[in-house]
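All ligand and atom numbering here is 1-based and tracks the order in the structure. The structure presented is a predicted model; accordingly, all values stated were derived computationally and were not measured. Values below: all heavy atoms of this structure, side chains included; hydrogens, waters and symmetry mates excluded.
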Amino acid sequence: MNGAYIPTIGLEIHCELKTASKIFCGCPNVFGAPPNTQCCPVCLGFPGTLPVLNRRAVEYTVRMGLAIGAEIPAFSKWDRKNYFYPDLPKAWQTSQYDLPLVKGGRVAFMTPDGEKTVRIERIHLEEDAGKLIHENGFTRVDYNRGGVPLMEIVTLPDLHGAAEAVAFLTELKSIIKYIGVSDVKMQEGSLRCDVNLSLSRPGEPLGTRTETKNLNSFSAAARAIEFEIGRQTEILAGGGSVLQETRRWDDAKGRGYALRSKEDAQDYRYFPEPDLPPVVLDRAEVEAWRRALPVLRYERAGRYTREFGLSGYDAGLLTGDRAVSDLFDGTVALGANPKKTANLIMGDVLRLGREEGGEDVAVGLSPAQLYGLLSLIEGGVIGLAAVQKDVLPRIWNTDIDPETFVKEAGLAQSGDADEIAAAVREIIAQNPRQADDYRAGNEKLLAFFVGRVMKATKGKCNPKTVNEVLTTELKKR
Ligand code: ZN
Ligand code: MN
């Protein structure tokens with residue numbers, strides 16, 4: 001034994017695109033409909049039917065390529081990937097073999113050990129298969145998912161551990177969501193990941209790899225990777241050799257199983273799809289898609305730490321959802337203080353947004369409204385606590401101007417010196433002993449008076465002004 005084994009991991013990520021209809025027919029692309037209600041002769045593979053390509057699916061795949069700085073070849077074509085399985089009514093999957101829509105590209109992301117980059121080999125477009133439902137010893141097939149556009153992202157083997165793989169997947173998911181080509185709902189299976197993994201010693205060629213299929217959560221992917229590293233290490237350490245095979249992961253049992261010896265590309269008998277013309281992209285249109293790309297999460301987070309001095313953690317929170325990051329950017333662009341904006345967002349805006357949107361934070365506030373709230377706090381018109389409790393929930397998902405709302409609801413703190421002075425004098429008159437003690441040097445009693453005045457005025461006075469007036473009035477005698 002000399003030296004530990006290093007795992008080398010490549011991922012294949014399948015992502016369902018958020019188009020209105022399926023890739024080769026007009027059936028709706030929806031999740032959760034009753035089985036076999038979203039199907040037609042085309043997506044059921046009836047003989048004699050012909051596919052018609054969904055332009056939007058091509059656009060979405062190309063936009064993903066542009067977002068990761070990939071090459072977009074002008075010419076791309078379709079191929080049949082033949083395999084016999086009940087979820088595939090035609091017995092071939094219309095996919096892309098040698099000329100995919102997207103070539104190359106890279107994804108940078110942060111890990112605890114610093115920045116890493118994963119090179120992307122290709123992204124191609126294909127149709128999803130139906131779903132097998134195993135129940136009570138029977139298997140039934142739901143073809144609703146058959147023909148849903150599926151973008152397959154293939155990485156080069158640039159990953160070396162479970163945590164790194166999860167960090168990469170998290171970044172990839174964020175890119176997909178920022179450019180809006182998929183909802184990436186893992187629980188609905190719209191992002192699924194295959195893990196190719198092999199072990200080797202430093203300086204030696206890569207060992208035999210296995211492929212674990214269809215991991216449908218990042219945590220399941222992490223557990224499957226850890227398991228496979230352990231399994232292969234045990235085999236190699238015992239002098240055995242790893243078999244090239246396709247494996248299945250049982251997340252409930254926390255272990256993987258061999259499914260079949262891995263098929264090679266030749267087993268699929270790929271050949272060009274005769275029923276679809278090749279894709280010839282219009283350069284000007286591709287350039288328009290490129291120009292329309294949003295600034296992505298990674299770049300925004302970098303700017304927040306560099307320009308605004310936010311911590312990496314805070315920058316991560318603010319950029320997790322594009323809607324939240326857009327709110328932050330928009331508010332700062334109006335002239336708001338970045339740190340104060342960040343604090344208000346990370347507190348109550350995120351809390352409300354998660355209550356409403358769950359995994360995808362909903363943002364029920366415009367930059368102008370958030371800027372208005374911050375100005376009210378800054379100007380001493382209203383305290384942070386009142387904003388959190390009384391204002392934010394009331395203007396959420398409305399276009400109510402916060403200043404108008406605060407005025408009409410009578411929530412404004414009184415900055416009126418006369419009113420405050422009257423309240424202060426009354427409280428001092430009611431507490432002569434405490435006033436004497438304060439004058440004798442017990443300055444801690446100031447807080448006592450502030451509290452009494454705030455209570456008497458129902459918290460509507462600006463505490464800073466109350467403090468100032470109290471200090472002046474207590475000195476008088
Ligand atoms: Zn159909
Ligand atoms: Mn595929």
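Salt-bridge check for K103 with E71: failed, with every basic side-chain N at 4.0 Å or more from each acidic carboxylate O. Ion pair R247/E245 flagged as a salt bridge, since at least one NZ, NE, NH1 or NH2 atom sits closer than 4.0 Å to an Asp/Glu carboxylate oxygen.
Nearest heavy-atom pair across Q96 and R122 is O-NH2, 2.9 Å. Here the closest non-hydrogen pair linking Y178 and G320 is CE1-O, 4.5 Å. Of all heavy-atom pairs spanning T94 and E127, the tightest one is N-OE2, 2.7 Å. A pairwise comparison of heavy atoms in W249 and A220 identifies NE1-O, 3.7 Å as the closest pair.
Heavy atoms from other residues, nucleotides or ligands lying under 6.0 Å from CG of D282 number more than 12.
No donor-acceptor pair closer than 3.5 Å links the side chain of D128 to the backbone N or O of P149.
If you look at the Mn ion (ligand 2), the protein N, O or S atoms less than 2.8 Å from it are H14 NE2, E126 OE2, E152 OE1. Neighbouring protein atoms of the Zn ion (ligand 1) (N, O or S, distance under 2.8 Å, waters ignored): C25 SG, C27 SG, C40 SG, C43 SG.
Within the 6.0 Å centre-distance limit, the rings of F328 and F308 are counted as a close aromatic pair.
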